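Right, one structure below, let's go through it.
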Amino acid sequence: MLLIRCPWCGEREETEFHYGGQAHVAYPADPEALSDQEWAEYLFFRDNPKGAFTERWVHSSGCRRWFNAVRDTATSEFIVEGR
Amino acid sequence: MTHPDHLWRNPDPRPSYDVVIVGAGGHGLATAYYLARNHGITNVAVLEKGWLAGGNMARNTTIIRSNYLWDESAAIYEHALTLWETLSDDLDYDILFSQRGVLNLAHTLQDVRDSVRRVNANKLNGVDGEWLTPEEVAKICPILNVSPDARYPVLGGTWQPRAGIAKHDHVAWAFARQADAYGVDLIQHCEVTGFLRDGDRVVGVETSRGPIRAGRVGLAAAGHSSVLANTVGLRLPVQSHPLQALVSELLEPIHPTVVMSNHVHVYVSQAHKGELVMGAGIDSYNSYGQRGSVHVIEDQMAAALELFPIFAGAHLIRSWGGIVDVTPDASPIIGLTPLENLFVNCGWGTGGFKATPGVGWVFAHTIATGEPHPLNEPFSLERFTTGALIDEHGAAAVAH
């Protein structure tokens, strides 16, 4: 069970959260201009590092707010949580 | 019976091979075996960072079935199942393949519709399967709770009689022994850290025991596929997650088949030795830690007790995690890459064990000929660009 520090509520158990995957994946600014390859990148390809990973979590059973965190995917240690 | 001194040699790596396979799990070993047997390519090394078959091959729940929805999946998984049926004889080693069948339970009306549709698709593809009522389900597995008073009543289930389980260690050792006999070098404790390149061509691998040149390289590294691919700038559409499983203590034979439930989220069989073997879904977050969160275990135990009240007296002995690489369409990626002479077999997510001989067969073909086998052609990396996805979430995502 991960212990996750919500930037607003403090440390809570993982079961209060849902995972949102990689952070900072912006919706394409000009979708109609995208090639098939670029659409594939946007829809299906995400970073998958062994080590520091910037990701999203939502505190579903708490304040219900989204936040970003940097977590080490080899150790599951949270390095940074940010509003 | 005398115990053999060894089942395979333990050679040092040579400077160069015709083919290097990265990862001595079931897929890597099967690929090496079929490269030798089907294609006469024996100047091959299989490189393993740990010990042979100590990754997901040692961590899966050994379920074998081919009752997938789409034609492409049915074809490749049924090819694998057909190979399983004669594999003990082919490899001259008892892999304890037991065709005790698999029940996939339905607990909601939508489950029922999806299940009947899948059975019909299976029949059209020549895959054995039928839809069973709760009473028929109970006849096959009497310890299953099919009472209408259950929290999530069993409304029926699909039944594939030719499905079953095998002994995972024996499978790995059988492939390893035969590959070794063909002259394949199985090299343990030799971690691949990157690739040798000549422009857009891969010409070998960097390892913890020095560079090894190779005519062709086949990547079969499961959860670590994208880490390795990243070293040559190749992005794969996979995410690595922990998948947990657990066993009870050894019990008398009580559970005659394999039971899977996507809805209450557990799958259970009884190993030959007597342990109840259970698995469920992946942990939600990306991880390479080979461990998961305890609440996932708690949920799957609750589901198991819901289906099998008799298990209340059993004790959990061990739980563990493996790292699985999950694709967006719950189907694997087997084929060519944009880099010449680099081939990839990854993205099996939670269900690679059942495909072991089948994927070894088609991946060996792909590496040997430089072209995909017709069975893995649809499972190309390009499908994420063309949009020709093979969406097996219904038959695959949770329950493997």
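Lettering follows sequence order; numbering is per chain, from 1. Treat the numbers as computed from the prediction; the structure is a model and nothing was measured.
Taking OG1 from B:Thr350 and NE2 from B:His241, the interatomic distance works out to 11.0 Å, rounded to the nearest 0.5 Å. Between atom OG of residue B:Ser331 and atom NE2 of residue B:His393 there is a gap of 8.5 Å, rounded to the nearest 0.5 Å. In this structure, the separation between CG on B:Asp283 and CG on A:Leu2 is 8.0 Å, given to the nearest 0.5 Å.
For A:Phe44, the parts lying under 4.5 angstrom from a heavy atom of chain B are both the backbone and the side chain. Within the 4.5 angstrom heavy-atom criterion, no atom of A:Asp72 approaches chain B. Using a 4.5 Å cut-off between heavy atoms, B:Asn230 makes no contact with chain A at all. With a 4.5 angstrom heavy-atom cutoff, A:Thr75 does not touch chain B via any of its atoms. Neither the backbone nor the side chain of B:Val296 comes within less than 4.5 Å of any heavy atom of chain A.
Ranked by heavy-atom pairs under 4.5 Å with chain A, the list B:Val294, B:Asp329, B:Leu236, B:Asp325 is led by B:Leu236. Among the candidates B:Gly289, B:Ser226, B:Ser240, B:Gly292, the residue making the largest number of heavy-atom pairs closer than 4.5 Å to chain A is B:Ser240. Heavy-atom pairs under 4.5 Å with chain B were tallied for A:Glu13, A:Gln37, A:Glu14; the largest tally goes to A:Glu14.
Ring geometry, B:Tyr68 versus B:Tyr77: the interplanar angle falls under 30°, so the pair is classed parallel (tilted spans 30 to 60°).
Around CZ of A:Phe78, the count of heavy atoms belonging to other residues, nucleotides or ligands within 6.0 Å exceeds 12. Within 6.0 Å of CH2 in A:Trp66 there are more than 12 heavy atoms belonging to other residues, nucleotides or ligands.
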